[in-house]
Amino acid sequence: MTQQPMFDPRPFIPEPLDWERWKGHKVKMFNVLRDGMWHSREEIVARTGVKGFTARISDIRKAGYVVECNRANDAGATTYRILEFVGYDTTGKHTCPTCTCKQSNPQ
């Protein structure tokens with residue numbers, strides 16, 4: 001894997017070989033979240049057919065994306081979106097408010 005220089009950020013555009021490696025659920029999740037808009041858990045399940053999709057979100061973060069999640073309401077509804085491509089594993093970086101136990105609403 002080639003490391004992208006920090007001073008030259010550019011969006012990641014999957015190539016045919018990436019799609020071959022990203023089989024099934026990961027591709028479906030990426031296609032839903034890639035628009036940068038907030039998507040509820042219910043919408044993600046409806047569009048992908050994946051009920052336990054948090055592992056796929058981790059896969060997308062490991063591929064170099066910042067995937068934000070937010071508490072949409074006090075009942076605990078959660079929404080997700082891909083914010084940006086940074087080129088390195090973003091799991092464990094606490095890049096979203098929910099992962100750091102903060103409460104915020106999607107914009």
Side-chain angles (χ1 to χ4, degrees):
M1 181 173 171
T2 305
Q3 190 166 9
Q4 182 177 0
M6 293 301 292
F7 58 86
D8 184 27
R10 61 188 183 276
F12 174 74
I13 301 169
E15 297 178 0
L17 289 177
D18 294 317
W19 292 115
E20 288 178 26
R21 287 180 304 142
W22 292 12
K23 296 196 176 12
H25 295 155
K26 186 175 177 180
V27 171
K28 290 177 183 180
M29 289 292 300
F30 180 79
N31 284 333
V32 169
L33 300 176
R34 72 190 297 177
D35 65 3
M37 304 299 290
W38 291 104
H39 299 279
S40 69
R41 295 178 66 88
E42 294 80 11
E43 177 190 355
I44 293 168
V45 169
R47 291 180 61 186
T48 65
V50 180
K51 293 182 183 171
F53 61 82
T54 55
R56 300 300 67 83
I57 288 176
S58 292
D59 290 342
I60 293 168
R61 286 177 170 152
K62 287 176 186 174
Y65 290 89
V66 174
V67 180
E68 284 190 314
C69 54
N70 278 302
R71 301 267 185 224
N73 60 38
D74 290 337
T78 307
T79 56
Y80 299 86
R81 71 176 177 175
I82 291 178
L83 183 63
E84 64 182 323
F85 176 73
V86 294
Y88 55 85
D89 184 345
T90 62
T91 59
K93 302 286 191 243
H94 302 295
T95 54
C96 72
T98 302
C99 293
T100 57
C101 301
K102 295 179 184 173
Q103 187 94 4
S104 66
N105 293 318
Q107 302 170 2

Legend entry - OG on Ser40 to CG on Asn70, rounded to 0.5 Å: 13.0 Å
Inset, instruction - Take Glu68 and Trp38, measure what side chain to side chain contact (heavy atoms under 4.5 Å, CB included) needs, and give me the verdict at the end. - result: CA-CA 9 Å; Glu68 284 190 314; Trp38 291 104; 3.6 Å; yes
Inset, instruction - Report the C-alpha distance between Arg81 and Leu83 in whole Å, list the side-chain angles of each, state the deciding distance to 0.1 Å, and finish with yes or no for side chain to side chain contact (heavy atoms under 4.5 Å, CB included). - result: CA-CA 6 Å; Arg81 71 176 177 175; Leu83 183 63; 3.7 Å; yes
Legend entry - Rounded distance (nearest 0.5 Å) linking atom CG of Asp59 with atom NE2 of His25: 11.5 Å
Inset, instruction - Report the distance from atom CD1 of Ile57 to atom CE of Met29, rounding to the nearest 0.5 Å. - result: 4.0 Å
Legend entry - Min side-chain heavy-atom separation Phe30-Ile82 under 4.5 Å: yes
Legend entry - Residues forming a side-chain contact (heavy atoms from CB on, under 4.5 Å) with Val32, sequence neighbours excluded: His39, Ile44, Arg47, Thr48
Inset, instruction - Check the hydrophobic clustering (I, L, V, M, F, W, Y; side-chain heavy atoms under 4.5 Å; chains of links allowed) and say if Val50 and Val45 are grouped together. - result: yes
Legend entry - Smallest separation among heavy atoms of Arg71 and Thr78, with atom names: NH1-OG1, 3.4 Å
Inset, instruction - Could I get the full list of side-chain contact (heavy atoms from CB on, under 4.5 Å) partners for Ala46, not counting sequence neighbours? - result: none
Inset, instruction - Side-chain contact test, heavy atoms from C-beta onward, threshold under 4.5 Å: evaluate it for Thr54 versus Arg56 and give yes or no. - result: no
Inset, instruction - Only counting residues at least two apart or in another chain, list the ones meeting side chain to side chain donor-acceptor pair (under 3.5 Å) with Glu84. - result: none
Inset, instruction - Report yes if some heavy atom in the side chain of Val66 is under 4.5 Å from a heavy atom in the side chain of Arg61; otherwise report no. - result: no
Legend entry - Tyr65 and Arg34 side chains, donor-acceptor separation under 3.5 Å: no
Inset, instruction - Evaluate the side chain to side chain contact (heavy atoms under 4.5 Å, CB included) criterion for residues Arg41 and Phe53: first the C-alpha distance (whole Å), next the side-chain angles of each, then the deciding distance (0.1 Å), finally the verdict. - result: CA-CA 9 Å; Arg41 295 178 66 88; Phe53 61 82; 3.9 Å; yes
